[in-house]
Amino acid sequence: MSKFGLFYELLAKMPGATKEEIVQQYSGGTSLSELYERAPRTYRKMIEDMKRLTKSESRDEQMDRLRKRVIASVAGYFEKAGLYIELSRRERLRKIITTACRAAGVNELNDMTEAQMQRVYNEFRRKQKTTEDAEEACEERIIKRGCLSAVVSSKRP
């Protein structure tokens, strides 16, 4: 990696920021190479600040991914439970988000903490699994109790 490789890598993760603006902020008007050569301590501070800024953006991306997982888990449960009957796409999404917020005890999806999102995600995945297990049991029509089992026929004599 070149001596400015890390700088440009971090700059690419900062949409809207330009090299000139950042260098100006830290050096007062010199070029990137002058800042690197004449003020290495300031250059390192600039790099550390850029790392911190891009790290917080990745935190936003992580929270966005968790929100999408929550939405997918609630939607999966609703689909398995048959709660989507005759709803438009917009109504489905509104129902999913409202349910997720109610489960977490917040008013807005963006207000959920990471722990709340994990809890809601896990709960609706568990509900989805339970619904799948119930469907399988209904399809098999087998009742098991201890070491005894019986096959239930759907035909009436």
Below 4.5 Å, heavy atoms only, C-beta onward: do [X] and [Y] meet side chain to side chain?
X: Lys68; Y: Met117; answer: no
X: Arg38; Y: Tyr43; answer: no
X: Arg67; Y: Asn110; answer: yes
X: Phe78; Y: Thr99; answer: yes
X: Thr18; Y: Glu21; answer: yes

Taking only Lys NZ, Arg NE, NH1 and NH2, and the carboxylate oxygens of Asp or Glu, determine whether [X] and [Y] approach each other closer than 4.0 Å.
X: Glu48; Y: Lys51; answer: yes
X: Glu123; Y: Arg126; answer: yes
X: Glu61; Y: Lys13; answer: no

Checklist line | Non-neighbouring partners of Thr113 that pass side chain to side chain donor-acceptor pair (under 3.5 Å), sequence neighbours left out | finding: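 So Thr113 forms a side chain to side chain donor-acceptor pair (under 3.5 Å) with Gln116.
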Next item on the list: Measure from the side-chain N and O atoms of Thr98 to the backbone N and O of Lys95, and report whether any donor-acceptor pair falls under 3.5 Å.
Entry: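 No, because the side chain of Thr98 does not come within donor-acceptor range (under 3.5 Å) of the backbone of Lys95.
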Item checked: Polar side-chain atom of Asn122 near backbone of Gln118 as donor-acceptor pair, under 3.5 Å ->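 Yes: the side chain of Asn122 pairs with the backbone of Gln118.
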Item checked: Leu10 to Ile47 - nearest heavy-atom pair and separation -> CD1-O, 3.8 Å
Check: Does a donor on one side chain and an acceptor on the other come within less than 3.5 Å for Gln128 and Thr131?
Finding: no
